[in-house]
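Below you'll find the structure, written out as structure tokens, and then a few comments.
For ligands, and for the atoms within them, numbers begin at 1 and follow the listed sequence.
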Amino acid sequence: MDVTATDGEFHFKPSVAGIPAGMQLEWFDGPQVCVPGDRTLYWPYWDGFEVSDFKCRPYRPASYRERYAGDPGGLYPGFCQMQFLAAYKNGEGVYFSAVDDRHTPKGVEWERVDDGSVRLSLQTFCGDLDEDGAWRPKFCYSLRPYAGEWMEACEIYRNWVRALPGFERPPVRPRWMYDSPVNLIYPVRGVGLDNLPRDMKPNCYFPYTNAVSTVEKYGRLLDSRIMALLMHWEGTAPWAPPYVWPPYGGEKELAKFRDALHARGYLLGVYCSGSAWTQISSIIPSYSQEQRFEDEHLGHHMMRGPRGEMTAYVCNGHDSQRLGYDMCLAEGWAVRTLCDEAGKMARFGIDYCQFFDQNLGGGWLLCYAKHHAHPPIPGAWATEAMVALQKRLCASSALHGMVIGCEGAAATPYIPYLFYNDSRPIVSLHFGQPVPGVSFVFHEWQCNFSGNMCGVEECDPFWRWMYCFHNGDMLSLVLGADDGLAKAWCRPWSEGFSEQEKLVSLVRRMNSLRKKYPSFLLEGRMVRPFAKCESRLVEIPCRVWGKNRTIEAREVITSFWENAKGERIGFASNWRREPSELRITRSGGRVETYILAPLEVVELSAE
Ligand SMILES: [Zn+2]
């Protein structure tokens, strides 16, 4: 490995030659950087968060995996949106990154070692070999000290991103995004949870037009355009990719709803399930593609593990959504199949399709198939295959006005194609403390929406929704029974939600600010605070994926923004049901103290 040092920054450039015949280099994990265990780590996983308890989980190197266990590990580009880690204490940190503009798949992970220190890992897959069989990546790893914490580390990464192709200018957004529509997320079959019990009878929002009065009601209450964002709408089975069309009940039924929405200025969106393959639906077991799979020899095109094994990862299992496999996106058949299916939705007049739901961060997984046209080890070729698919799929969808999105914020190489996604920062409560690092880096190119909050079983709703507002997200509500709201998608409708009227008022207020300040909250850049803001720390109990935790949060959440003209603004909000004090120290030392009323959101001027 070549090591060079310039201006206080170390560059590491590895190479591996002379690999013996019959052996393969799967991945490279170096340099091995360790930091003391009393540091805080910024980890760009699940939209970004801080970890300080390194006993919270075991090390999970990236590999071909068989069963989703709630913690899939930090595969980049995908579950991890950025290829760096930062560790800091008392305003001093180290920043460790891969300066890799081909976005080679990596495990962006950390490992607690025996002496209590923490190893930072950028485990890089080595499928891109030179003609002589050696691995000589064009990129280097960088290690440097810096002053600050997570924001300053994200700033270093943002400065690098700014020079990447595709980031020269903001995306061409459809006109409706400037109106900041609120998403109304709901299933048309079943009563909330799609796991057990599996009652998939049509609910009160089917036929689709039954929901017109509900959409109108929330449009009125929120003073906003609405996007009806449907789940369990597929005519095949819920969450049973790749075949979803025609919609449940037929095209004519959905067309009536589409036309009723559009006539009122509202929008129609759908969730899909990405690039998995369904053999049998676990939700509706009568739905099977096994015969087609046999007849068309489709096993040829599925992703394989290192031993040729074939399984699937996300949402796969008898007690999950389906039994199936994952499609290899370097296979022409898979690309054609996905583009065909997306084309049907785009031509129909759907406005937003979360086509890459379950492809977290817009990424895909690791394929080792020796019989595919790609190298037998994952490498940058895999990122290039996904970029090529997204380019084609998003360009043809855009011709019909349909925007494509994914689950979680999109990872770095996919942002030019996926600029409106179901953000998932709250899921990180499972391990750590969410901080808006991914929004800090990418917001000017990618403005997401607070999604269905899948996985969050308990956590103060007002804190959650305000966190998403300060994350720069457009806003959503999840419908429950009979026009009411649910606390989150994974809560049963029978539970009810006693504070839903207050939540509607809060979303109306926050969205009025989004509509007032699109140059900041849609197109703007998140920046460091222009004034020091202090409020009390309090504890919030939460439950994510069955795990109970308590997190610490400020009584008043703040965020700071800059628009293209260089103007700045801040926002502060009190998520509690009682007044909270906010103390602001301006750069000249002037101190201002405010008492924010319960659920109050205010603007902060830069002066
Ligand atoms: Zn493959």
H301 N/O/S atom closer than 2.8 Å to the Zn ion (ligand 1): no
Looking at P247, S397, C272, which hits side chain to side chain contact (heavy atoms under 4.5 Å, CB included) with M345? C272
Measure the acute angle between the ring planes of Y420 and F449, then classify it against the limits of 30° and 60° as parallel, tilted or perpendicular. tilted
So that I can tick it off, tell me whether E109 and R60 are bridged by a salt bridge, with the cut-off set at under 4.0 angstrom between side-chain N and carboxylate O. no
Calculate the angle formed at the Zn ion (ligand 1) by NE2 in H374 and SG in C328; 10° precision is enough. 110°
Pairing of K547 and D71 as salt bridge, 4.0 angstrom limit: no
Among the N, O or S atoms of H372, which one sits nearest to the Zn ion (ligand 1)? ND1
